[in-house]
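Step one of this worksheet: look at the structure below.
Positions are given from 1, in the same order as the sequence printed here. Below, each value reflects all heavy atoms present in this structure, side chains not excepted, and no hydrogens, waters or symmetry copies.
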Amino acid sequence: MAGSDDARKFYARLMAAQARWADPRIEQVFASVPREAFLGPGPWTVFAGDGRIETPKADPAYIYQNVLVVLDADKGINNGEPLLHAMWIGKVDLKPGEHVTHIGAGTGYYTALLSKLVEPGGVVMAFELEAGLAARAKANLARYGNIEVVQADAVANAPPPSDVIYVNAGVAAPPAAWLKALKPGGRMIFPWRPSETVGLAVLITRLENGFACRPFMGSWFIPCVGASVAEAGAKIPTRERAARTRSIWLSKDKAPDRTATAVFGDVWFSSRAIRADSPRQKF
């Protein structure tokens, strides 16, 4: 429908402008992917404040706004806030030809956006643990030739070597296997949820001498199965200490020291920024 196309184009322009990214591709991909194709038949239920509101009818114009749309009410799963994703997608700076792992793909809307930004030559592997959501994602993404949807646990099954790992479920700490999967120069963005009172979006970049780590905004996602609960003996950060984190380390390569802001077994977080002249670490 022409009205829906106009609404999507305006929504795309709004998301790109509010996210403040100069890359024109951000607007282009939001304009090219129909969100309603990933939500099931309308009317749709959207989150508003502490409650939910059903759209008056199945008009896509209602979901071309910065709203979360319910996918599975019983499990608290939704199609996330578009502006947040516009900001995150800009932050990871996707390039044509890159390999992306999307963890927590839901029904595939944001997977589709990621796939557009790595064309030509790039591919996306999308992990979704929930069987029903994974089946919907496979159907929704069937026409996207550079996406593979895997119904599996991304914590128990290590991701492939990746230029970008895009995580949409809260973790107490990223599993060591996710860090090891990052290629040189690779980026990982994830919701850091070390406790019920701390929720931060974090960008990790793999450098020659370690993993730079920068929290950059508040963020709350549903917990990631298998990686959302800190093990006994973990050092849990306050929000202030978490916000001061500037690097993340594999414990087997470097033992936690006095700069540690948080420690979670295989990995630990540090307030020490990584410098170009720092000793190289073996990964």
Mind checking side chain to side chain contact (heavy atoms under 4.5 Å, CB included) for Pro175 and listing every partner two or more places apart, or none if nothing turns up? Val155, Trp178, Ala227
Quick one: side chain to side chain donor-acceptor pair (under 3.5 Å) partners of Glu231, sequence neighbours excluded? none
Is there a side-chain contact between Lys180 and Leu250, using heavy atoms and a 4.5 Å cut-off? yes
Among all residues two or more places apart in sequence or in another chain, which pass the salt bridge (charged side-chain N to carboxylate O under 4.0 Å, His left out) test with Lys9? none
Listed pairs under 3.5 Å, donor-acceptor, residues 84-96 side chains, sequence neighbours left out:
residue	atom	partner	partner atom	Å
His85	ND1	Tyr166	OH	2.8
Asp93	OD2	Lys95	NZ	3.0
Lys95	NZ	Asp93	O	3.3

Correct closest heavy-atom pair for Gly210 and Trp249 would be CA-CZ3, 4.3 Å
Check: Glu98 side chain, Val118 main-chain N or O, donor-acceptor pair, under 3.5 Å: no
Quick one: are Pro160 and His99 in side-chain contact, heavy atoms under 4.5 Å? no
State, yes or no, whether a side-chain contact exists between Ile248 and Pro174 at a heavy-atom distance under 4.5 Å. yes
Are Trp21 and Val29 connected into the same hydrophobic cluster when the rule is that any two of I, L, V, M, F, W, Y join if their side-chain heavy atoms are below 4.5 Å apart? yes
Are the side chains of Glu119 and Asn146 in touch, meaning some heavy atoms are under 4.5 Å apart? yes
May I have the list of side-chain donor-acceptor pairs in residues 132-145 shorter than 3.5 Å, sequence neighbours left out?
residue	atom	partner	partner atom	Å
Asn140	ND2	Thr107	O	2.9
Asn140	ND2	Arg136	O	3.1

Take Leu39 and Tyr109 through the test side-chain contact (heavy atoms from CB on, under 4.5 Å) and record every step on the way to the result. CA-CA 8 Å; Leu39 303 179; Tyr109 175 57; 6.0 Å; no
Check Met125, His102, Arg187, Met188 against Ile165 for a side-chain contact (heavy atoms from CB on, under 4.5 Å) and give me the one that passes. Met188
Could you state the interatomic distance from CZ (Arg25) to NZ (Lys116), rounded to the nearest 0.5 Å? 12.5 Å
Determine which pairs satisfy ring pair (Phe, Tyr, Trp, His ring centres under 6.0 Å) with at least one residue from residues 41-77, sequence neighbours left out, and list them in order. Tyr11-Tyr64
For residues Arg35 and Val69, determine if any side-chain heavy atom of one lies less than 4.5 Å from a side-chain heavy atom of the other. yes
Pairwise side-chain contact, Pro223 with Arg193, heavy-atom cut-off 4.5 Å (strictly under): yes
Is there side-chain contact between Phe216 and Ile189, with heavy atoms separated by less than 4.5 Å? yes
Once the angle between the rings of Phe269 and Phe264 is folded into 0 to 90°, is it parallel (under 30°), tilted (30 to 60°) or perpendicular (over 60°)? perpendicular
Are Val67 and Leu113 grouped together when hydrophobic residues (ILVMFWY) are joined by side-chain heavy atoms under 4.5 angstrom apart? yes
Main-chain N/O of Leu182 paired to Arg206 side chain as donor or acceptor, under 3.5 Å: yes
Side chains of Arg214 and Arg246: closer than 4.5 Å at any heavy-atom pair? yes
